[in-house]
Amino acid sequence: MDRLNFQAIEKKWQSTFKTEKLYNKKSAKKFYCLEMFPYPSGKIHMGHVRNYTIGDVIARFKFMNGYNVLHPMGWDAFGLPAENAAKENNLHPKEWTKKNISEMKRQLKLMGLSIDWDLEVSTCDEKYYKHQQEIFIDFYNKGFVKRKENYVNWDPKEQTVLANEQVVNGRGWRSGAVVERKKLSQWFFDITKFSEDLLQGLDELKNWPEKVKIMQKNWIGKSTGCEIKFNIDGVNQNINVFTTRPDTIFGASFLAVSVDHPICKNFANDESYNKFKNECLKVGTTEEALANAEKIGFNTKLFATHPFIKGKKLPVYVANFILMDYGTGAIFGCPAHDQRDLDFAKKYKLEIKEVVSDNPSKPKNFDKLLEAYVGDGKMINSDFLNGLNVEQAKSKIIKEIEKLKLGEKKITFRLKDWGISRQRYWGCPIPMIHLEDGSIVPVDKSELPIKLPEDIDLNQSGNPLESHKSWKNTFHKKTGKPAIRETDTLDTFVDSSWYFLRFCSPEIKSEPFDIKKVNYWMPVDQYIGGIEHAILHLLYSRFFMRALKKNNNEIKTNEPFKGLFTQGMVCHETYKDKNGKWLNPSEVEKNSNGKFFKISDKSEVKVGPSESMSKSKKNVIDPENMIKSYGADAVRWFILSDSPPEKDIQWSNQGVNAAYNFLQKIYNLCNIVNKKVSNKNSFDKDFDLKINSYVNKITKSINNFNLNVVVANVYEIYNLFNDHLEKDISDKCLKLNLIKLMKILIPFTPHIAYECLEMLGEKEIKNWPKIDNSLILKEKIKLAIQINGKTRDIIEIEKGIDQITIEKLCKKNNKIKDKILNKSISRIIFVQNRIINFIIKK
RNA sequence: GCCCUCGUGGUGAAAUUGGUAGACACAAAGGACUUAAAAUCCUUGCCCUUUUGGGAGUGCCAGUUCGAGUCUGGCCGAGGGCACCA
């Protein structure tokens with residue numbers, strides 16, 4: 001038996017991958033296959049292996065099917081870890097990043113990916129961020145950039161500002177430090193200008209997971225309602241309320257405002273109010289914290305005038321469940337038809353009036369009911385709205401409100417502007433300067449790039465750019481007057497919002513991208529990455545594409561990513577020693593009883609549930625070690641088998657070992673078939689038919705991302721070969737079909753596939769095996785024979801046989817004939833190529 | 001609390017979209033080969049029956065249907081998202 005020497009094979013074929021690319025330049029069909037580029041953290045992890053293997057399968061498959069394929073890779077190279085590493089190791093962020101990039105690039109090459117490295121882009125490269133600065137200035141000139149003084153989320157550990165989206169449960173999403181509120185002048189992208197368009201655009205994205213679209217939709221959070229102005233007795237102030245249920249206005253029994261509402265300034269010196277405010281702050285602002293929190297309010301003793309019910313006064317409360325940054329920070333409460341309002345009204349013994357009913361003849365007693373009624377129904381107790389349904393009532397009351405100039409129809413979005421300022425060094429400098437008169441202007445484009453200074457001191461706290469005097473102090477080109485550079489750098493999400501455009505023409509120096517090439521390659525046909533980017537990165541990129549298009553109407557693309565696939569995580573069991581310390585799988589061994597123990601001292605190990613690989617739990621497997629032990633093809637093969645790509649996968653050494661064994665078997669099979677001589681051919685037709693059927697199935701499966709099913713089908717093909725080796729089948733037939741199998745394997749396990757094809761003497765290795773549709777028609781199918789819906793036999797027949805012929809077959813069938821002959825058959829259900837079902841009266 | 005997704009053998013999972021449930025693989029048990037081990041190959045895998053065969057069965061309970069893992073309603077459980085969104 002020839003041993004598979006995967007090291008030699010992989011080295012041999014990787015040298016050809018260097019120059020071989022996936023371009024079919026004459027092809028009319030293009031395919032842009034993109035995987036989310038990695039952050040150069042130092043080494044690749046299994047998540048990368050899974051992501052890039054899936055991408056490589058798609059890219060190679062599309063190429064073999066005649067597409068002109070763009071398959072680039074780059075580095076999301078700015079970001080805080082570089083600064084942290086610099087402090088720890090006394091290594092400049094640039095050096096640290098460069099080192100990591102070259103290491104990870106070397107590792108990625110070991111995987112045998114079909115990446116065109118000539119297109120490599122790194123966001124920390126001034127050749128890249130120069131253009132980002134240009135884009136920033138364009139956006140500024142278009143009015144898409146704003147400067148706002150605002151409360152920001154200040155991460156005390158990272159000494160930087162976080163976007164709202166980057167705060168998780170009141171903590172920094174990276175550092176985990178408790179976020180403080182701080183007021184700073186910040187740069188913002190006006191993403192809210194595009195709220196409606198970003199929402200509408202989701203409908204076009206047919207090849208996106210429904211889940212991601214729903215998440216984005218909820219994030220944008222459009223709600224239609226109206227604003228209503230309430231006069232407040234005794235003070236010279238109004239309260240403007242936003243509601244999505246103006247139809248329930250006649251059921252209003254109170255007003256509630258946020259603790260941050262301007263009207264609360266009246267109580268700034270009120271001791272009991274301040275006590276209440278502190279109570280509210282204690283609960284926090286996260287949904288989780290508030291979910292179980294009791295609804296509490298502060299009675300202002302103020303009264304608002306009901307706009308439609310003469311003489312009716314509504315008490316005004318400050319309530320902990322009203323947020324200032326949504327709507328107007330004030331609501332009217334209609335307890336019968338809103339759960340929170342009902343809870344609140346019960347606590348403070350406020351009126352509860354039913355105004356919408358699904359059964360008007362039976363009034364409900366909400367004092368006793370626990371749940372508010374939020375469904376549709378007929379309006380009652382509502383003056384001129386009575387008898388209408390909810391939708392009709394809404395439009396009628398809005399018209400009335402507008403007529404009386406009490407307010408107007410309004411659409412509110414939940415989406416907030418994107419804060420892009422970061423007070424840190426390792427990011428793209430914002431190309432703005434502050435003049436002595438206080439104005440802030442862009443630098444002249446001819447001065448770009450504004451390079452990051454390299455001589456910085458990272459050991460002091462805060463932003464090193466702030467203290468770099470020679471960099472900070474500059475001149476205004478137009479007037480020659482002294483100026484100070486903006487020391488904030490851009491959020492790294494900006495870097496990744498347009499890298500896919502740069503990949504289309506990374507060589508171009510004069511502009512961010514060559515529009516002709518962008519218009520050819522864009523949109524990305526298949527984008528592949530983790531679900532963790534479902535909202536932020538994808539939404540920001542969608543915003544960028546729109547803003548760029550507004551800036552340059554030659555750009556044709558609106559949506560950057562036509563197809564999106566989000567792969568699941570790679571998981572592994574977790575291990576703890578007797579002291580509760582996490583252990584790496586390499587420190588643990590399984591004995592013959594199936595128990596785990598620590599290798600170093602033979603002590604017993606507690607096995608925890610399988611969780612996504614993370615450094616903190618030490619349940620990580622190093623991809624390079626795996627590649628060294630089993631080969632890149634086995635690692636790729638295993639990570640694609642077992643679980644559907646969108647679901648989490650359990651890494652197991654048994655699994656990768658099985659993959660390795662299978663590839664050895666494939667290699668042996670090629671050796672055997674290659675040497676075999678046989679002219680007997682009685683099984684040839686049947687064999688051709690079956691292989692053709694598999695090629696057809698597999699082609700469909702790849703297009704549907706059912707890659708685990710492809711793996712299973714390949715095992716079946718192998719078993720089929722094994723079964724037929726000793727049968728009367730010609731060596732020619734075996735060889736031709738084996739070549740087909742090897743071609744199928746190219747996208748999955750490219751090294752061994754090419755090696756075997758070379759062994760078999762196949763020269764034509766660029767095309768996917770052809771599917772013969774005439775053979776598909778001749779395929780045999782299995783038809784189930786049922787009696788009263790229960791399967792009694794399965795027969796193998798040719799496709800397309802009609803009912804009468806099948807009935808005849810059944811009457812001759814030993815297992816069936818006794819059950820149907822001389823019985824009163826009341827009905828026969830026949831589905832061609834599937835089943836025949838005899839219904840027999842008892 | 002709201003939104004989304006998902007419940008199939010010991011395990012990871014298939015199932016032509018309403019038509020053979022458990023393909024394929026891992027693990028296990030038994031066997032073959034071998035002096036032995038490794039490797040390889042074969043068999044088994046719920047209940048009844050000696051076999052042929054029959055029955056139950058896709059979280060639970062109903063329903064629709066000739067036929068339900070798939071559709072409908074109601075429970076139960078797990079995972080994910082969330083900014084109380086008025």
Side-chain angles (χ1 to χ4, degrees), chain A residues 1 164-165 167-169 209-215 217-219 221-223 225 241-246 248 256 283 285-293 295 319-323 325-334 337-341 343 412-416 531-532 534-535 594 610 638 641-644 646-650 652-655 657-659 661-662 664-665 668 697 700 706 708-719 722 781-795 814-815 826-831 833-840:
Chain A
M1 199 200 290
N164 288 315
E165 297 90 334
V167 180
V168 180
N169 292 336
E210 215 46 47
K211 186 182 170 181
V212 174
K213 285 195 273 187
I214 289 165
M215 280 163 91
K217 198 179 162 197
N218 292 340
W219 194 262
K222 180 180 179 177
S223 55
V241 151
F242 174 72
T243 180
T244 54
R245 292 295 303 273
T248 63
V283 179
T285 50
T286 71
E287 194 170 335
E288 216 179 329
L290 285 151
N292 300 321
K295 311 279 173 286
N320 65 343
F321 60 93
I322 307 299
L323 295 179
D325 51 14
Y326 186 80
T328 58
I331 62 144
F332 72 76
C334 176
H337 307 291
D338 183 285
Q339 192 59 46
R340 283 161 318 201
D341 296 351
D343 295 343
T412 307
F413 291 92
R414 177 177 176 271
L415 185 67
K416 292 173 190 173
I531 186 78
E532 68 273 19
I535 300 171
S610 185
F638 170 64
S641 59
D642 273 18
S643 289
E646 70 276 11
K647 280 179 69 175
D648 288 354
I649 190 168
Q650 315 296 322
S652 84
N653 283 356
Q654 277 156 350
N657 193 50
N661 287 337
F662 176 69
Q664 173 71 59
K665 286 195 227 169
N668 293 344
K697 263 198 234 177
K700 281 183 187 159
N706 298 325
N708 56 322
V709 181
V710 175
V711 172
N713 285 332
V714 168
Y715 279 115
E716 287 179 32
I717 298 175
Y718 171 80
N719 292 339
N722 229 10
I781 51 100
K782 284 175 179 170
L783 182 122
I785 304 170
Q786 301 181 335
I787 313 284
N788 290 336
K790 285 193 174 163
T791 304
R792 296 298 166 183
D793 197 19
I794 296 156
I795 52 171
N814 282 335
K815 288 178 185 169
S826 62
R827 211 177 142 191
I828 298 173
I829 291 127
F830 176 72
V831 183
N833 301 335
R834 298 273 160 82
I835 55 125
I836 186 160
N837 185 7
F838 296 92
I839 310 303
I840 295 172

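If you're wondering where the values come from, they're calculated on a predicted model, not measured in any experiment. So you know, we letter chains A, B, ... as the sequences are listed, proteins then strands, and number each from 1.
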Distance check, rounded to the nearest 0.5 Å: A:Ile531 atom CD1 versus A:Glu646 atom CD? 10.5 Å
Could you classify B:G9 for me, syn or anti, using a glycosidic angle within 90° of 0 as syn? syn
Checking all strands, does A:Tyr715 fall into the base, sugar-phosphate, or nothing category for heavy-atom contacts under 4.0 angstrom? sugar-phosphate
Side-chain N or O of A:Arg834 versus OP1/OP2 of B:G18: is the shortest distance under 4.0 Å? no
Answer for the Watson-Crick or wobble partner of B:G45, both distances under 3.5 Å, is none
Name the nucleic acid region contacted by A:Asn218, choosing base, sugar-phosphate or nothing; use a 4.0 angstrom heavy-atom cut-off, strictly under. sugar-phosphate
Restricting to side-chain hydrogen bond (donor to acceptor under 3.5 Å, both in side chains), what partner residues turn up for A:Asp648, sequence neighbours left out? none
Whole-Å distance separating the CE atom of A:Met215 from the P atom of B:C4: 13 Å
For A:Ile839, answer base if it contacts any base atom (sugar-phosphate contacts may also be present), sugar-phosphate if it contacts only those atoms, and nothing otherwise; contact means non-hydrogen atoms under 4.0 Å. sugar-phosphate
Can you check the A:Asp338 CG to B:C2 P distance for me, whole Å? 12 Å
Heavy atoms under 4.0 Å, any strand shown: does A:Gln650 hit a base, just sugar-phosphate, or nothing? nothing
Heavy atoms only, 4.0 Å cut-off, all strands: where does A:Ala784 land among base, sugar-phosphate and nothing? sugar-phosphate
Can you tell which of B:C26, B:C24, B:C66 lies closest to the side chain of A:Asn719? B:C24
Would you mind classifying the nucleic acid contact of A:Lys697 as base, sugar-phosphate or nothing, using non-hydrogen atoms under 4.0 angstrom? nothing
Considering every strand and a 4.0 Å limit on heavy-atom distances, what is the contact class for A:Thr244: base, sugar-phosphate, or nothing? sugar-phosphate
With sugar-phosphate meaning primed atoms plus P, OP1 and OP2, does A:Ile322 contact a base, only sugar-phosphate, or nothing at under 4.0 Å between heavy atoms? base
What nucleotide, of B:C24, B:G19, B:C85, holds the atom closest to the side chain of A:Asn837? B:G19
Taking only the side-chain nitrogens and oxygens of A:Lys790, find out if one of them lies under 4.0 Å from OP1 or OP2 of B:G19. no
Partner of B:G69 under the Watson-Crick or G-U wobble criteria, both distances under 3.5 Å, comes out as none
Would you indicate what A:Gln786 reaches in the nucleic acid, counting non-hydrogen atoms under 4.0 angstrom: base, sugar-phosphate, or nothing? base
Pair A:Phe838-A:Ile785, side chain to side chain contact (heavy atoms under 4.5 Å, CB included): steps then yes or no: CA-CA 8 Å; A:Phe838 296 92; A:Ile785 304 170; 4.0 Å; yes
Remember a base hit wins even if backbone is also touched, and classify A:Lys222 as base, sugar-phosphate or nothing at under 4.0 Å, heavy atoms. nothing
A:Lys700 near the nucleic acid: base, sugar-phosphate alone, or nothing, with a heavy-atom cut-off under 4.0 Å? nothing
At 4.0 Å (heavy atoms only), tell me whether A:Asn708 reaches a base, stays on the sugar-phosphate, or touches nothing. sugar-phosphate
Which part of the nucleic acid does A:Asp341 contact within heavy-atom distance under 4.0 Å: base, sugar-phosphate only, or nothing? nothing
Atom-to-atom span, CG of A:Asn661 to C1' of B:A38 - whole angstrom: 12 Å
